[in-house]
Amino acid sequence: MKPTFKQVTKARYVREVAALAREIFVQHYTRLTPKVAAALAERYQSEDLTDDEIHDGAVNYFLIYLGSEAVGYFALDLRPAGALCLSRLFLRETARGQGIGRSIVAYAQKLAEGDGRSRLYLTVWAKDLKAEGFCKRCRFRKAGTEAVEVLPGVTLELTTWEKLWR
């Protein structure tokens, strides 16, 4: 089944993104405790933060559907000059491995090219070997890794991957 994307503009969809984040972060960050993963979701994907990013006009959020079921979300950060940042891409475990991520990357690249941008990039947890494999399959190249304190006392190594054209 082909995924569809719905831009998040209404409060009920913002709530859906936050609820998906709470669920998916615990599934995704398996090397962290569920409590720490839930705290990451609250810190980086709360309803208030998501709503503020949308209304500031800097980030566009999209829900990902398979049929009528929301299976994840992604966000495109429009702020970087000459680039587009795929700042979030999270899928439920059951939706992974179906080509959804590749279709999102193709969608983001098409938007970036249409807007005259020559770079698409994303940042992933360095210990996430599945995300690394995904980046390589989508023809991103590793641009660098840095330690980032994501919560007080919790530091994660994050790797930036980029795709250039022109």
Side-chain angles (χ1 to χ4, degrees), residues 1-8 17 20-34 36-38 40-41 43-45 50 53 58-67 69-151 154-166:
M1 183 179 300
K2 186 176 177 181
T4 57
F5 313 134
K6 176 169 182 52
Q7 188 167 357
V8 176
V17 167
L20 280 165
R22 288 189 295 272
E23 174 189 343
I24 294 169
F25 275 44
V26 172
Q27 292 174 353
H28 180 72
Y29 292 106
T30 56
R31 294 188 183 194
L32 303 175
T33 67
V36 171
L40 278 175
R43 169 109 186 246
Y44 292 101
Q45 208 63 78
T50 302
E53 285 182 325
V59 180
N60 290 331
Y61 279 85
F62 299 84
L63 284 164
I64 306 162
Y65 289 91
L66 284 179
E69 179 188 7
V71 296
Y73 65 95
F74 67 97
L76 300 174
D77 187 336
L78 309 171
R79 292 175 287 203
L84 185 65
C85 177
L86 184 54
S87 68
R88 310 271 196 282
L89 172 50
F90 288 99
L91 293 169
R92 285 183 168 147
E93 189 68 41
T94 57
R96 294 182 190 158
Q98 298 180 40
I100 296 169
R102 286 189 301 276
S103 64
I104 292 165
V105 168
Y107 177 74
Q109 184 172 344
K110 185 176 178 181
L111 288 175
E113 288 173 346
D115 198 27
R117 299 169 191 245
S118 60
R119 179 176 176 245
L120 176 65
Y121 70 95
L122 57 93
T123 302
V124 301
W125 187 22
K127 292 188 180 195
D128 187 342
L129 298 178
K130 288 180 182 178
E132 180 178 317
F134 168 75
C135 291
K136 288 177 180 178
R137 283 190 303 280
C138 290
R139 300 183 182 221
F140 283 85
R141 68 177 180 95
K142 194 180 286 191
T145 300
E146 67 177 311
V148 176
E149 186 174 35
V150 294
L151 292 170
V154 178
T155 300
L156 296 180
E157 295 281 327
L158 300 177
T159 300
T160 298
W161 294 82
E162 65 182 0
K163 191 173 199 177
L164 305 165
W165 53 90
R166 275 199 253 150

Before you tell me yes or no, could you show the steps for Leu156 and Leu32 under side-chain contact (heavy atoms from CB on, under 4.5 Å), namely the whole-Å CA-CA distance, both residues' side-chain angles and the distance that decides it to 0.1 Å? CA-CA 10 Å; Leu156 296 180; Leu32 303 175; 4.2 Å; yes
Give the C-alpha distance, both sets of side-chain angles, the deciding distance and a yes or no for side-chain contact (heavy atoms from CB on, under 4.5 Å) between Val154 and Leu40. CA-CA 10 Å; Val154 178; Leu40 278 175; 5.7 Å; no
Could you walk me through whether Leu76 and Leu111 pass the side-chain contact (heavy atoms from CB on, under 4.5 Å) test, one step at a time? CA-CA 10 Å; Leu76 300 174; Leu111 288 175; 3.6 Å; yes
CA sep, side-chain torsions, deciding dist, call: Leu84, Leu78, side-chain contact (heavy atoms from CB on, under 4.5 Å): CA-CA 6 Å; Leu84 185 65; Leu78 309 171; 3.5 Å; yes
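Shown here are the salt bridge (charged side-chain N to carboxylate O under 4.0 Å, His left out) partners of Arg79, two or more places apart in sequence or in another chain: Asp77. Partners of Arg141 under the salt bridge (charged side-chain N to carboxylate O under 4.0 Å, His left out) rule, at least two apart in sequence or in another chain, are Glu162. In this structure Arg139 satisfies the salt bridge (charged side-chain N to carboxylate O under 4.0 Å, His left out) test with no other residue, sequence neighbours excluded. The side chain to side chain donor-acceptor pair (under 3.5 Å) search around Glu146 returns none, not counting sequence neighbours. Evaluation of the salt bridge (charged side-chain N to carboxylate O under 4.0 Å, His left out) rule for Glu132 yields Lys136 as partners, not counting sequence neighbours.
You'll find the side chain of Leu122 stays beyond 4.5 Å of the side chain of Leu89, heavy atoms only.
The ring-ring contact (aromatic ring centres under 6.0 Å, His included) pairs that include a residue from residues 109-142 are Tyr29-Trp125, where partners are two or more places apart or lie in different chains.
Rounded to the nearest 0.5 angstrom, Asn60 CG and Gln7 CD are separated by 4.5 Å. To the nearest 0.5 angstrom, Lys130 atom NZ is 14.5 Å from Cys135 atom SG. In this structure, Glu23 CD and Arg92 CZ are separated by 4.0 Å, a value rounded to the nearest 0.5 Å. Rounding to the nearest 0.5 angstrom, the gap separating the OG atom in Ser87 from the OH atom in Tyr44 is 13.0 Å. To the nearest 0.5 angstrom, Lys127 atom NZ is 10.5 Å from Leu129 atom CG. Thr94 contributes atom OG1, which lies 7.0 Å from atom CD of Gln27 (distance to the nearest 0.5 angstrom).
Considering every non-hydrogen atom in both Gln98 and Leu66, the closest pair reads OE1-CD1, 3.6 Å. Here the closest heavy-atom approach between residue Pro80 and residue Cys85 is recorded as CG-CB, 4.2 Å. Of all heavy-atom pairs between Arg119 and Leu164, the closest is CG-CD2, 3.5 Å. Minimum interatomic distance between Ala147 and Thr155 (heavy atoms only, all atoms of both residues): CB-CG2, 3.7 Å. A pairwise comparison of heavy atoms in Leu151 and Arg43 identifies CA-NH1, 3.7 Å as the closest pair. Looking at every heavy atom in both residues, Val26 comes nearest to Pro34 through CG2-O, 3.9 Å.
Put simply, the side chain of Arg88 never gets that close to the backbone of Tyr73: no donor and acceptor are under 3.5 Å apart. Remark: side-chain polar atoms of Lys163 are paired, donor with acceptor, to backbone N or O of Cys138 under 3.5 angstrom. Counting only distance, with no hydrogens or angles, the side chain of Arg22 and the backbone of Gln45 share no donor-acceptor pair below 3.5 Å. A donor-acceptor pair under 3.5 Å links the side-chain atoms of Trp165 to the main chain of Arg117, judged by distance alone.
With Leu91 as the partner, the side-chain contact (heavy atoms from CB on, under 4.5 Å) test is satisfied by one option alone out of Leu20, Ile64, Ile24: Ile64. Paired with Phe5 under the rule ring-ring contact (aromatic ring centres under 6.0 Å, His included), one option of Tyr61, Tyr107, Tyr65 passes, and it is Tyr107.
At a threshold of 4.0 Å, the pair Glu93-Arg96 counts as salt-bridged, since one of the basic side-chain nitrogens sits closer than that to a carboxylate oxygen.
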